[in-house]
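Below, chain A is the first sequence line, B the second, and so on; all start at residue 1. Fair warning: this is a prediction, and the values are worked out from it, not measured in the lab.
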Amino acid sequence: MAKKVKTIEVGASIFEENDRIAEENRQAYQKHKVYCVNIMGSPGSGKTSVLERTVKELEKHGYASAVIEGDIKGSLDGERLEKLGIPVVQINTGGACHLDANMVRKGLENLSLQKVDILFIENVGNLVCPAEFKLGEDINVIISSVPEGEEKPLKYPLMFKISRICLLNKTDLAVHADFKSDIFKEYLLSTAPSAEFIPISAKTGEGFRLWIDALRESLPLAKERRTVIVGLGDRMKGDDGAGCEVVQRLKGEVENPGIKIINAENAVENYTGVIEKFRPDRVFIVDAVDFGAGPGEAAVLDAEQIKETTSSTHTFSLPLIIEHLRSQTGAEFTVVGIQPETVQFSEGLSPAAEKGVRRAVEIIREKL
Amino acid sequence: MHEFSVIANLFKILEKIKNERKSLTAFLSVNITVNPYSCIDEENLNFIFKSMAAGRKEYEVAKININRGKDPAGREFILDDVEVEEDGEEG
């Protein structure tokens, strides 16, 4: 029988199966509003030490972490992380030099994501293979370290190119290793121009504020909604100080790192930077506002009512401030208004405004 | 090490093609595109391919050709096309 030669177009991903499972993993993270960080780096770069400090720092900000720990053999790193009291799942690859999506999927079967905000996957120590396999992660982070030398970004470009953040660990050793951080940075940025470079030391804590801030800025899906409550008004003008009184009372009872309470008085424009930096998902503004109700009534105001607010002593335009902050943060805004009885020059609130303050506190409590 | 994963996944696709084409007698070339910075090496990949294909006559003469893609940030590993030998029509 005659033979013939044919070319068959395929166009299929060789890692189709891996990519399909990675997508399923990603959907599982999204379903539980978990942000997934794939940590990669060479053996000894300090991945586990960085994670130990990172988990503790994030906890201070109210974020709960979990770790999927990948190693060829053994569970030493996993045991270290378990001591932090967080969920840890150990995966032994049994010789494979990387984690793949299916391994992570199996790990997820043993991990409850219900109370987790951030899932770290500590990949197998290796600067080559882990870069090729998607796991469903939101971001890749490469940890390089001073003793490895300055040239790693040039030698392992793919690993650095696919990583949004590059942590340079063990900066405390730079002086002993004659390490040139600026050269490392130059090599990194020539390889991966959009990478964020953060020098850190897991031993001393140097650079961790930047690293944690960078991580927090990447957390759009964190379970806990970040909330700012702003009180407005002038305490020297009678009931105009009602908004300030509300936040004073809430300050005494809310202890949550995900909630920032600001008594802005009549200068909220001075706090816009603070609010933007906190990256809130929602903002409550409490203010004494003439919205046509009876003295001491408190209510959530709609957009039209906000536009028509005529209160008080503020020199700024509340709708403009809201519009500015909304455009900067993407947060949702709720304005709680308290109808004043008097905004004449005087100290203290009227009995009606006192009642309005109590009601406004209740409204905010219910919504938190 | 991850060349084994690459080849194992590649075989899954090639076996599917083979099963769909009963007249296929041999794979001649397997053309793939990888990231320009992928650490995959053509010679190494072919060595592992031959090792893993040992005893399977459809793969005896097959050679993998690697084309380096243009997207340095991509992680694509694409099997573009295969050249195969098939039994032709008689007469």
| request: State plainly whether the residues A:E148 and A:K155 are in salt-bridge range, i.e. N to O under 4.0 Å. | output: no
| query | Of A:L58, A:I68, A:N38, which meets side-chain contact (heavy atoms from CB on, under 4.5 Å) against A:F120? | reply | A:L58
| query | Looking at B:L10, B:N31, B:I64, B:N9, which one forms a side-chain contact (heavy atoms from CB on, under 4.5 Å) with B:L79? | reply | B:L10
| Which region of A:A192, side chain (C-beta onward) or backbone (N, CA, C, O), has a non-hydrogen atom less than 4.5 Å from a non-hydrogen atom of chain B, or is it both or neither? | neither
| field | Heavy-atom contact with chain A under 4.5 Å, split by part of B:L28 | value | side chain
| field | Contact class of B:S23 relative to chain A, heavy atoms under 4.5 angstrom | value | neither
| message | If you define the side chain from C-beta out and look only at heavy atoms, does anything of A:V141 sit under 4.5 Å from A:R164? | response | no
| query | With a 4.5 angstrom heavy-atom cut-off, which part of A:F133 approaches chain B: side chain, backbone, both or neither? | reply | both
